[in-house]
Amino acid sequence: MSGGAFYLGIDVGTQSLTALLVEVTPAGGDGDSDDRARGIVARAGVRYDSELPAYGTVNGQLPGDDPAIGRVPPCMWLDALDLALHRLGPEACQAVRGVSVSGQQHGSVYLAAGAKRALAALTPDRSLAQQVEPLLSRAEAPIWTDSSTTQECAEIRHALGGAAATAELTGSDTFERFTGPQVRRFARTDPEAWADTAHVCLVSSFVTSVLTGRVAPIDHGDGSGMNLLDIRRLEWSGAAMTATAEGLDRRLAPPCPPWTIVGKIAPYFVSRYGLPASAQVVAGSGDNPCSLVGVGVREPGEAVLSLGTSDTYFGLLKEVAVDPDANGHVFIAPSGHPMSLICFRNGSLAREAVRDRYGLDWPAFDAALRATPPGNDGLMMLPWFEPEIVPRVASPRVVRLGGLTDGPEHAARNCRAVVEGQFLSMRLNSEWMATRPTRIVATGGGSRNRELLQIAADVLGCRVESLEVSDGAALGAALRATGRRICPLPPIGEPGPSVEPRPEAAAIYDAMLPRYAEAQRLAAG
Ligand code: XUL
């Protein structure tokens, strides 16, 4: 391979691992941002369920009767890494100048005391999984789908002075999937294994540790999904560690900035796959911070609207702003800026529920949006077809207001009401971010729908550009592997429709917002 420099991003996702090699060409200037990513030159993916069947996972986690439990044998990720590098092939591996990992956020891996020495001595004669398995003090890693820690969330929240104080300190209230509550539960339910634990890693720092042959630090980005990092001082919080588990401070390496070079690639990867011994390993980070880079969001005010099963809205903030209602999260982005994230469970799930209720297909749903006016003549919906995360609504409840019925005479009105309700909720519940969006990049299945984007632009009062980016987290990780604080511009994916807010429609939504806020307050309690 010739031309620029090549960087490898490895995304350890929930259902699959993706390795992406990206070419970056310095543009000749002296600033970080003069580099340009030219394109993806190689890709290898491994799906856990179908390609590593020996682990018996379903949708990337171990099956079981208790839906609150979400666990993974961590060595599965290492087998996937070995397989992906093998598939990338020697030509791609030999070109790698830097590597970084994107990990599904919140998941934790527990290493025993001998791990430090053993990681430094990994031999190419045996697989990573065979060598790392004996170093684990806990056979299964809890991941972000695990919600078994309600008791621990309450205990930590109480010790830190309540939900608002916890969010003020760590960027988020306690959430079941966050690492601190998971660590507390482990230490309480298996004190012997906790005593054997010398290092607590996240998915991103665990795989980075293996890549570099030493226990890697946790970066500020992934560290902010733990309820342990002081979000302003960017240090582990003594109070949060004490509230979580005895001796946790000894088990966490100091956190590091996301652009930290943690070492060179371990000899294992040089001998086995031909990576150059000089290849740098940059601290791993979480998949959401990495995706932000992968879709090309670089400035405070730019945000991503991911319209998928659930709808997620995240973006860069000028400074730390914490949600006083404690529903949202503040993480640290790869550039060091704070980034906000809110996740609405009733995304395409709710849109589909309305579509199916009236026996429509998507073109008919769009036609209904076109046939009804902005503001829906005052007919509104609180679209909680499933329990909602933001605001917290424990049992499903669809609230129709202003005379809206669920009868067939109001089929088109319901289509508009569900979409307007979703974006009004997004606007209302993101006001705490205190950074008005200047540009929104929409991704995910719903972003192909022009009518939906127009309502988003009108309600949020901002231009919305849609972009089909697959492998956004792996791409972000590859760009981070350059070690630049401001990552090179990525090869942006397929552009879809872009829409500007229409002033008359935006004025209608401005007027509607207080009514929606009051309805939400009454219904969500
Ligand atoms: C974010 C979250 C998920 C995981 C897995 O808080 O729990 O997005 O990062 O993708």
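Counting begins at 1 with the first residue of the sequence. Order of listing sets the numbers, starting from 1, for every ligand and every atom in it.
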Which ligand 1 atoms are under 4.0 Å away from a heavy-atom of [X]?
X: Arg177; value: 1 (C), 2 (C), 6 (O), 7 (O)
X: Gln105; value: 4 (C), 9 (O)
X: Asn288; value: 1 (C), 3 (C), 8 (O), 9 (O)
X: His106; value: 1 (C), 2 (C), 6 (O), 7 (O)

Q) Just how far is it from atom CZ of Arg177 to atom OG of Ser148, taken to the nearest 0.5 Å? A) 13.5 Å
Q.
Working to the nearest 0.5 angstrom, can you tell me the gap between Phe186 CZ and Ser108 OG?
A. 9.0 Å
Q) Where on Thr312 is there a heavy atom closer than 4.0 Å to ligand 1, on the side chain, on the backbone, on both, or on neither? A) neither
Q | Shortest non-hydrogen contact from Asn346 toward Phe385 | A | OD1-N, 3.0 Å
(Q) Going by side-chain contact (heavy atoms from CB on, under 4.5 Å), Ile440 matches just one of Val297, Val304, Val464, Leu453. Which one? (A) Val464
(Q) Can you tell me which residue among Asp471, Val22, Leu21 is in a side-chain contact (heavy atoms from CB on, under 4.5 Å) with Arg43? (A) Asp471
Q. Is the shortest side-chain N to carboxylate O distance from Arg87 to Glu51 below 4.0 Å?
A. yes
(Q) For the 3.5 Å polar cut-off, considering only N or O atoms, please tell me whether Trp144 and ligand 1 meet it. (A) no
Q: Using distance alone, determine whether Asp287 and ligand 1 share an N or O pair under 3.5 Å.
A: yes
